[in-house]
Student: 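Input: one structure, supplied below.
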4 protein chains.
Amino acid sequence: MIIVLRPDATREQIDHIVERVKGLGLSVHISKGKERTILGVIGDESVLEGLPLEVLPGVEKVMPILKPYKLVSREFRREDTVIDVDGIKIGGRQVQIIAGPCSIETKELLFDAAKKVKKAGARFLRGGAFKPRTSPYAFQGLGEEGLKYLAEAKKKTGMPVVTEIMDPRDLDIIYQHTDIIQIGARNMQNFRLLTEVGRVDKPVLLKRGLSATLKEFLMSAEYIAAEGNHKIILCERGIRTFETSVRNTLDLSAIPVIKEETHLPVIVDPSHAVGRWGMVAPMAKAAIAAGADGLMIEVHSDPENALCDGAQSLQPDKFAVLMKELKKIAEAVGRKM
Amino acid sequence: MIIVLRPDATREQIDHIVERVKGLGLSVHISKGKERTILGVIGDESVLEGLPLEVLPGVEKVMPILKPYKLVSREFRREDTVIDVDGIKIGGRQVQIIAGPCSIETKELLFDAAKKVKKAGARFLRGGAFKPRTSPYAFQGLGEEGLKYLAEAKKKTGMPVVTEIMDPRDLDIIYQHTDIIQIGARNMQNFRLLTEVGRVDKPVLLKRGLSATLKEFLMSAEYIAAEGNHKIILCERGIRTFETSVRNTLDLSAIPVIKEETHLPVIVDPSHAVGRWGMVAPMAKAAIAAGADGLMIEVHSDPENALCDGAQSLQPDKFAVLMKELKKIAEAVGRKM
Amino acid sequence: MIIVLRPDATREQIDHIVERVKGLGLSVHISKGKERTILGVIGDESVLEGLPLEVLPGVEKVMPILKPYKLVSREFRREDTVIDVDGIKIGGRQVQIIAGPCSIETKELLFDAAKKVKKAGARFLRGGAFKPRTSPYAFQGLGEEGLKYLAEAKKKTGMPVVTEIMDPRDLDIIYQHTDIIQIGARNMQNFRLLTEVGRVDKPVLLKRGLSATLKEFLMSAEYIAAEGNHKIILCERGIRTFETSVRNTLDLSAIPVIKEETHLPVIVDPSHAVGRWGMVAPMAKAAIAAGADGLMIEVHSDPENALCDGAQSLQPDKFAVLMKELKKIAEAVGRKM
Amino acid sequence: MIIVLRPDATREQIDHIVERVKGLGLSVHISKGKERTILGVIGDESVLEGLPLEVLPGVEKVMPILKPYKLVSREFRREDTVIDVDGIKIGGRQVQIIAGPCSIETKELLFDAAKKVKKAGARFLRGGAFKPRTSPYAFQGLGEEGLKYLAEAKKKTGMPVVTEIMDPRDLDIIYQHTDIIQIGARNMQNFRLLTEVGRVDKPVLLKRGLSATLKEFLMSAEYIAAEGNHKIILCERGIRTFETSVRNTLDLSAIPVIKEETHLPVIVDPSHAVGRWGMVAPMAKAAIAAGADGLMIEVHSDPENALCDGAQSLQPDKFAVLMKELKKIAEAVGRKM
């Protein structure tokens with residue numbers, strides 16, 4: 001950690017700062033420049049975590065040197081983490097596609113979607129039983145009943161399933177019925193929920209919050225890892241910006257940054273990002289070209305009547321066409337589907 | 001609701017759209033303009049909630065006419081809501097100051113802060129027992145022990161207290177020890193938590209999420225109100241923007257917008273917004289000048305050693321000076337403290 | 001245009017609004033809903049341009065129906081605009097790569113870069129002679145001397161050249177030495193400059209401003225088209241968001257939106273967006289996968305010593321490798337390079 | 001400047017970096033920490049300006065220690081700059097109000113507004129002759145004719161005037177007719193224009209760009225100062241964020257930051273920020289409470305018929321009421337009007 005002193009810092013102020021830092025078992029190196037004096041703090045930076053060095057008189061700014069995340073960092077583990085779900089690998093050479101309806105509405109619609117996305121090449125089925133909705137008056141999901149349909153769809157198709165958790169009290173029931181537990185964008189900093197899913201042994205699909213920096217995103221992954229669960233799949237799904245022509249701005253530069261900073265797999269959800277089915281295909285292709293390890297795509301057999309996010313859902317036949325195009329892109333970047 | 005048709009919408013497409021809307025019990029008025037045909041939908045717009053009209057072939061865009069929130073809207077209730085806590089009124093002519101440490105660290109520090117902020121004129125004591133922290137390695141709060149100290153501080157000083165809830169499982173214990181239940185910025189769209197606090201009879205202080213639009217903020221208040229709890233205090237605490245010289249950008253224009261759109265009281269937390277104690281005073285004054293019903297300010301007797309957010313905490317003597325200045329501003333805008 | 005009235009709008013207010021609108025030669029249709037009365041304005045909406053209908057008493061909000069841009073819109077011209085520069089077509093099936101140094105520094109460096117990017121398959125050479133720099137103390141470009149080197153590089157290699165204009169007073173000299181005139185992001189709303197380049201007969205490469213909505217971007221293109229110059233190439237180059245791990249957030253969803261809204265070609269500048277050469281390649285590939293008509297990439301033979309933006313410049317050998325990868329992506333989406 | 005090395009930086013890489021830095025006449029101090037080695041660069045940091053140290057192999061990140069602006073910084077000059085215009089002081093104890101129409105439309109409307117704002121206590125008259133408009137089809141201002149009306153209004157009322165420059169070619173004519181030259185938000189990084197107004201001897205009112213960081217804002221002021229003109233008035237006018245209920249988000253925390261970082265006066269334009277006249281008053285009061293040295297407010301005698309920004313213009317009687325309220329706020333913060 002570097003502490004930059006104010007140009008008018010007094011001798012007493014500097015002594016006080018040095019004493020404080022040394023009191024924490026760290027050593028300090030003082031370097032007097034032409035315009036500023038800086039203090040280089042040597043030792044385990046984490047003991048300074050949360051200590052408000054900025055309030056010490058004479059301090060102009062404090063600049064951390066180290067990354068705040070450890071277990072999820074590339075430094076902690078150099079090789080890519082590959083997560084195995086029923087023999088299907090996420091984070092390896094194969095690009096994985098998770099597809100299905102936004103929310104589970106009826107058993108028939110779910111089974112129909114499951115059958116069709118499987119046929120088109122998807123390897124995971126998604127479906128929401130507990131839905132976070134901006135309005136209290138909107139459809140909130142089928143709850144436990146939906147989970148049962150999902151488990152049944154798995155039995156029928158053999159596809160592992162992904163569903164979202166919103167409340168720590170639902171963990172037991174969700175754990176029983178799903179293969180991957182999803183934490184949605186709005187709960188990325190629901191730290192209690194992160195802690196709970198960190199204690200189970202199923203993979204967690206963690207979505208980036210819509211105004212989360214990548215650093216915060218990785219800190220949320222660190223919350224899960226710190227509890228012992230290292231099977232974390234990161235998911236970029238668009239961030240909030242000033243642009244309104246699409247629902248969110250898909251931040252594809254997150255992919256190379258995440259690949260550089262961590263060893264975890266990263267997938268992309270183009271459906272929630274753009275919010276319009278007509279733009280899902282170009283963004284899906286771009287995501288794979290940028291190096292994503294997979295995609296999560298909403299598919300609904302009857303978008304016109306969908307109870308949730310119909311505007312962004314692809315019809316199964318359009319999805320099948322897209323899958324063929326994605327295969328070509330995957331191959332163009334040296335991967336397979 | 002207005003449905004704007006694409007310039008190339010066919011007769012069949014238009015008939016299909018009209019049929020769909022009529023099928024929901026609404027009537028439709030067709031208006032052919034020079035460049036576009038538009039459909040005016042008449043009736044209860046809420047039955048269209050979530051229906052993806054945009055996916056119907058021939059539709060260019062859909063423009064809602066009505067506000068999505070009802071119970072919290074100024075239309076639903078024209079007079080200002082005034083919330084009475086132990087005889088102290090929030091939302092009336094008096095501007096209320098909530099002060100205290102970010103987190104409860106020791107009994108002594110809490111009592112000391114309580115005594116001093118009361119002496120300076122604050123009427124509510126704040127203190128966090130459960131703390132949402134970006135890092136899993138940072139101090140997470142004293143939990144139940146902290147709640148007990150808080151209740152004790154209330155007994156000693158007579159000041160009603162405010163503390164944050166992060167998890168629905170903590171509701172009972174928090175309910176017992178606090179007068180106002182706070183929902184933090186990161187949980188503004190934790191819909192399960194909103195639903196739970198909507199079912200109790202204590203006031204809820206709801207903070208705006210750091211990337212929440214005011215519309216979303218009011219929808220979250222609607223979640224609470226929809227369950228029956230109308231005692232909601234809104235709190236602006238800074239939004240995330242591109243600017244990095246302060247922690248968040250305090251959006252004071254939220255105050256007049258909220259006053260126009262709702263009947264609920266609105267307060268401001270300048271400490272979390274700016275993140276630096278030296279800038280709390282100007283922003284606190286500006287908030288009252290802009291019409292805020294109160295402020296929430298962090299005060300710590302020993303910021304240098306605070307375990308959380310020390311950099312933004314005022315020392316008690318600085319807080320006392322600020323309170324005198326705030327009184328003048330309150331009077332300049334026709335209010336009292 | 002739709003005018004939504006306040007629920008408490010009086011008879012007199014409504015009459016006044018209707019009278020004002022009719023006074024402009026438009027007709028009005030009144031539609032009384034359950035909760036709101038709305039006025040549908042029929043006729044040429046543009047006569048209302050800039051008229052503050054919102055200030056009329058009784059008006060709640062005004063919702064325009066039509067797009068504010070005309071000449072550049074897909075409605076005005078259904079087929080894609082293809083721009084021919086010395087026989088090379090931008091906007092057609094072939095994806096075009098513009099490459100070269102950020103700024104022209106020496107004749108030797110420019111010629112070296114030109115030769116190498118040509119060999120690797122680039123068809124246009126870029127190079128800045130007038131450089132917009134955040135700091136007045138940074139290198140501002142070689143000016144006219146740089147333009148001459150650029151023209152010479154064209155002669156040597158046969159590649160058409162692109163350079164930026166910052167000041168209307170430089171138009172004559174720039175016009176003489178370049179094939180495509182670039183308007184940089186910071187000048188996207190320098191309306192005088194737009195007007196001036198709208199009056200010449202050379203193609204204009206218009207970069208999106210870093211906080212410009214796509215609507216504003218297209219309105220700036222409309223400025224150029226309104227003066228008669230329809231040879232406009234749009235360029236997405238990253239927008240400003242809260243994320244700081246890359247310089248700007250590349251908004252690739254801009255590509256399908258622009259393709260839907262306009263008939264103009266759109267290219268992407270990944271170098272300025274990410275600001276780090278190591279991330280140029282994945283973003284370049286993603287851009288083509290998303291449907292871009294071309295790319296603008298910074299290449300410098302000696303990035304370590306570059307006077308401008310060295311951190312984001314590719315070395316020629318890395319660029320050559322990238323070009324091979326881009327070719328595969330282009331083919332995967334049915335295009336060629 | 002601090003250079004943080006990658007954990008895997010080799011001996012050769014470190015030597016190369018040290019050699020490069022020393023070659024520029026700087027000295028380097030190497031400090032080996034537990035997890036990272038860092039290089040502290042000692043000497044005149046500005047020689048590194050623009051040099052891409054990040055591209056040197058082995059470098060993880062580069063952290064500048066010094067502020068990039070010099071002449072405008074508080075370090076360069078500790079006392080507040082007070083700008084005297086015809087005996088009226090901007091930046092002193094007196095808060096100054098600049099008022100008038102957005103654009104000059106007719107002689108009569110301008111004179112009427114001038115007379116009324118003067119009577120209400122404003123000391124400067126504003127009026128635009130050259131108007132930057134998003135649409136090429138909107139009213140672009142009266143140009144030179146408008147400037148003449150403005151000069152005439154000054155003669156009649158004795159109030160100094162402020163008008164905007166958009167094009168360096170207009171400098172002579174604008175210089176003749178105005179007392180303060182305004183650079184609008186869209187031209188904050190029109191570096192040629194900044195350089196030109198830096199060469200004249202009249203005060204410049206520089207508006208913050210709508211996505212400019214405060215650091216960039218001060219760098220633009222530095223451009224003006226670097227040419228010799230130190231009479232710079234900074235103006236916060238709202239920034240672009242995700243919030244759409246107001247036109248822009250007024251960033252009042254900019255005031256204390258600017259006061260800390262520079263010696264220049266800072267004023268606020270609440271009219272452009274909020275875009276709705278009903279919200280101008282609370283924001284104007286908040287700005288003065290936060291420490292602004294003045295305000296710029298749009299006043300139009302007939303907003304309903306204004307050719308530009310009528311929605312945000314106050315009528316003269318409402319402005320007069322506001323002025324009385326502002327006086328009270330100014331006194332509450334120890335200033336006068």
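For the numbers below, each heavy atom of this structure counts, side chains included, while hydrogens, waters and symmetry mates do not. Lettering of chains follows the sequences in order, A, B, ..., and the numbering in each one begins at 1. These figures come from a predicted structure and were not determined experimentally.
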Student: List the atom of D/Ala289, the atom of B/Ala289, and the distance in Å for their closest heavy-atom pair.
Tutor: CB-CB, 3.7 Å

Student: Under a 4.5 Å heavy-atom cut-off, does chain D meet the side chain of B/Ala287, its backbone, both or neither?
Tutor: neither

Student: For the atom pair CD (B/Glu243) and CD (D/Glu216), what is the distance rounded to the nearest 0.5 Å?
Tutor: 9.0 Å

Student: So for D/Ala212, is it side chain, backbone, both, or neither that comes closer than 4.5 Å to the heavy atoms of chain B?
Tutor: backbone

Student: Take D/Lys285 and B/Val333, measure what side chain to side chain contact (heavy atoms under 4.5 Å, CB included) needs, and give me the verdict at the end.
Tutor: CA-CA 9 Å; D/Lys285 289 185 241 177; B/Val333 293; 4.1 Å; yes

Student: Can you tell me which portion of D/Val257 sits under 4.5 Å from chain B's heavy atoms? Options are side chain, backbone, both or neither.
Tutor: both

Student: Which bit of B/Thr244 comes within less than 4.5 Å of chain D, counting heavy atoms only: side chain, backbone, both or neither?
Tutor: neither

Student: B/Leu250 versus chain D, heavy atoms under 4.5 Å apart: side chain, backbone, both or neither?
Tutor: backbone

Student: Side chain, backbone, both or neither: which part of B/Glu261 has an atom under 4.5 Å from a heavy atom of chain D?
Tutor: neither

Student: D/Ile239 versus B/Phe242: any side-chain heavy-atom pair under 4.5 Å?
Tutor: yes

Student: Is there side-chain contact between B/Ser253 and D/Met283, with heavy atoms separated by less than 4.5 Å?
Tutor: yes

Student: Which distance, rounded to the nearest 0.5 Å, do you find between the CG of B/Asp251 and the CG of D/Asn248?
Tutor: 11.0 Å

Student: Taking atom CD of B/Glu260 and atom CE of D/Met279, what is their separation to the nearest 0.5 Å?
Tutor: 4.0 Å

Student: If I measure from the heavy atoms of chain D, does B/Arg276 come under 4.5 Å with its side chain, its backbone, both, or neither?
Tutor: side chain

Student: Kindly compute the distance separating CZ (D/Arg240) from OG1 (B/Thr241), expressed to the nearest 0.5 Å.
Tutor: 13.5 Å

Student: Counting heavy-atom pairs under 4.5 Å with chain B, which one of D/Gly278, D/Gly334, D/Ser245 comes out on top?
Tutor: D/Ser245

